[in-house]
Amino acid sequence: MKRRGDKSSEADVTPALSSESKLLVQDELAQLVELAQAGDTAAFEKLVQATYVQTYTLAFRLTGHQEDARDVTQEAYLRAYRGLSKFRGESQFSTWMYRVTANCAATQMQRRNRHRHGDLREGDEFIDTATAYNPELRAEAGDLRSRLLLALDTLPAKLRAVVVLRDVYEMSHEDIACELGISTTAAKVRLHRARHRLRSELFPDLDQVESRAV
Amino acid sequence: MRCEEVAVAVSESIEAEMPMPKPAARHVDRCLRCQAEQAQYKKVFRNMGGLRSAQIDPGPNMLSDILDYVQSQGSRNPILMALDRHRVVYVAAATATAAVATAAGAIVIAGRVRRPASA
């Protein structure tokens, strides 16, 4: 498993657009969607060009693996191309792409789990010990965000997907459940487990304090 | 209430639209451990939100790879693709059906040849 903190990927981050630019971009995207829905392939190419970095970023955060993220991104755009006529414009195109990408990532992770870990169960973990407990990497990861990225990498894929979609991309519990093929209750349970494990990983001292009745 | 009983409520309370149930809120008000836990959850939550503004460079060729993939796969009819995936099964089934039909035909013809012609 390649590590989340790989310098070739995580280090090369670009800042987000300002809210004004975002509005402008959203208007342009909406126009491109309409043209693409009418069969304009050049418009679809522009749509891809405008959004593929965002889509890849989400795919990478969900899979924690560069190759998987590339595969998921390609598959997501293929599905988008085929399903564009079903996109009603009720949400933004980028939000719709998040859902498509989440669904593709879930499929990819299931495929990968079957291939590599055929008999894993719900509670089993995918811990990249080389990344999570490498003292050199830990020393580099001074700030909370860097430590958070490392902690995310230690989460089982199922937990990571839910917490990324909810806490980073603000998807609703219902949408997460729908795209990952699980119940809303299961999505909420996984979210709590993921948050608990991230917090414990980042602030392990509190776990030493005994629980009390008040 | 004990700390572990309010753990889920504390984790959910970091989202603005999820108010904490009153018994859990009363516990947290009086429990320094849970207050610390809540503060830590909020820090994690803020930093998670911050990840959205950082994009990861997919490296060279990603855009052209996507467009090539969509161009090569997108023009194919999904129904035909599904049929493609099951081609082996269809060919095997068709071959078996043809073999059974041939055998049945041979038996019928053989039966007619052996039957003595009635006067």
Side-chain angles (χ1 to χ4, degrees), chain A residues 8-17 41 44-45 48-49 52-57 59-61 66 69-70 73-78 80-82 143-145 147-149 151-152 163-164 166-170 188-189 191-192 195-196 198-200 202-203 205-206 209-214, chain B residues 1-12 14-15 17-18 23 26-59 61-78 81:
Chain A
S8 65
S9 52
E10 197 63 54
D12 295 333
V13 293
T14 51
L17 297 169
T41 50
F44 184 78
E45 287 184 14
V48 176
Q49 196 171 3
Y52 80 101
V53 177
Q54 285 177 314
T55 304
Y56 174 82
T57 300
F60 187 81
R61 298 224 185 278
Q66 287 178 342
R70 290 181 75 90
T73 306
Q74 289 184 349
E75 194 59 35
Y77 280 107
L78 179 61
Y81 181 74
R82 288 191 174 139
D143 62 317
L144 191 61
R145 180 186 277 198
R147 289 194 290 127
L148 177 61
L149 289 169
L152 269 173
V163 76
V164 164
R166 180 68 188 163
D167 289 350
V168 182
Y169 291 90
E170 297 171 8
K188 286 181 179 177
V189 169
L191 178 66
H192 171 64
R195 282 175 177 170
H196 175 75
L198 288 177
R199 189 203 58 72
S200 293
L202 294 172
F203 305 102
D205 292 348
L206 190 69
V209 181
E210 269 189 36
S211 161
R212 51 187 285 236
V214 177
Chain B
M1 288 187 95
R2 296 193 63 81
C3 297
E4 56 265 25
E5 292 175 279
V6 301
V8 174
V10 170
S11 149
E12 286 177 345
I14 58 177
E15 296 182 51
E17 73 269 26
M18 298 288 284
R26 268 199 301 273
H27 172 97
V28 174
D29 278 347
R30 296 172 192 171
C31 175
L32 287 176
R33 187 194 178 282
C34 287
Q35 287 170 20
E37 188 171 29
Q38 191 177 36
Q40 290 173 353
Y41 272 126
K42 282 180 180 170
K43 274 187 188 168
V44 174
F45 188 65
R46 269 200 304 274
N47 275 273
M48 286 289 283
L51 292 182
R52 191 166 176 175
S53 64
Q55 295 183 338
I56 300 171
D57 183 356
N61 305 328
M62 183 78 239
L63 178 60
S64 56
D65 286 352
I66 296 167
L67 296 176
D68 288 348
Y69 185 71
V70 172
Q71 194 174 20
S72 65
Q73 301 291 315
S75 55
R76 300 185 66 197
N77 186 325
M81 284 176 65

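Order of the sequence lines sets the chain letters (A, B, ...), proteins ahead of strands, with each chain counted from 1.
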Legend entry - Engaged part of A:Val163 at the chain B interface, taking heavy atoms whose separation is under 4.5 Å: both

Legend entry - B:Val8 and A:Lys188, any side-chain heavy atoms less than 4.5 Å apart: no

Inset, instruction - Give the member of B:Lys43, B:Glu37, B:Arg26 that has the highest number of heavy-atom pairs under 4.5 Å with chain A. - result: B:Glu37

Legend entry - Side-chain heavy-atom pair A:Leu202, B:Gln40 within 4.5 angstrom cut-off: no

Inset, instruction - Over all heavy atoms of both residues, which pair between A:Arg199 and B:Val44 is shortest? Give the atoms and the distance, please. - result: CA-CG2, 4.2 Å

Legend entry - Spacing of CG belonging to B:Leu67 relative to CD belonging to A:Gln74, to within rounding of 0.5 Å: 10.0 Å

Legend entry - Heavy-atom closest contact (A:Leu78 atom, B:Val70 atom, distance): N-CG2, 3.9 Å

Legend entry - pair B:Phe45-A:Arg195: side-chain heavy atoms closer than 4.5 Å: yes

Inset, instruction - Quick one: closest heavy-atom pair of A:Arg145 and B:Gly50, and the distance? - result: NH2-O, 3.0 Å

Inset, instruction - For atom CZ of B:Arg30, decide whether the heavy atoms of other residues, nucleotides or ligands shown that lie under 6.0 angstrom number more than 12. - result: no

Legend entry - Point-to-point distance, once rounded to the nearest 0.5 Å, from CD of B:Gln55 to CZ of A:Phe60: 14.0 Å

Inset, instruction - Examine whether an atom of B:Leu63 lies under 4.5 Å from a heavy atom of chain A, and if so say whether it belongs to the side chain, the backbone or both; otherwise answer neither. - result: both

Legend entry - Minimum-distance pair of heavy atoms, taken over all atoms of B:Pro58 and A:Tyr52: CG-CE1, 3.7 Å

Inset, instruction - Determine, stepwise, if the pair B:Met48 / A:Leu152 fulfils side chain to side chain contact (heavy atoms under 4.5 Å, CB included). - result: CA-CA 10 Å; B:Met48 286 289 283; A:Leu152 269 173; 4.1 Å; yes

Legend entry - Largest heavy-atom contact set with chain B, pairs under 4.5 Å, which of A:Glu170, A:Glu45, A:Arg70: A:Arg70

Legend entry - Spacing of B:Glu15 atom CD and A:Asp167 atom CG [to the nearest 0.5 Å]: 6.0 Å

Inset, instruction - Taking all heavy atoms of A:Leu149 and all of B:Leu51, pick out the closest pair and write down the distance. - result: CD2-CD2, 3.8 Å

Legend entry - Atom group of A:Leu206 that falls short of 4.5 Å from chain B, counting heavy atoms: both

Legend entry - Modelled atom types, side-chain donor and acceptor of B:Tyr69 and A:Glu75, under 3.5 Å: yes

Inset, instruction - Calculate, to the nearest 0.5 Å, the distance between atoms CG and CZ belonging to A:Leu148 and B:Arg46 respectively. - result: 12.5 Å

Legend entry - A:Tyr77, part contacting chain B, at a heavy-atom distance under 4.5 Å: both

Legend entry - Closest heavy-atom pair and its distance - A:His196, B:Tyr41: CA-OH, 3.3 Å

Inset, instruction - Quick one: pull up CG in B:Asn47 and CG in A:Leu144 and give me the separation to the nearest 0.5 Å. - result: 4.0 Å

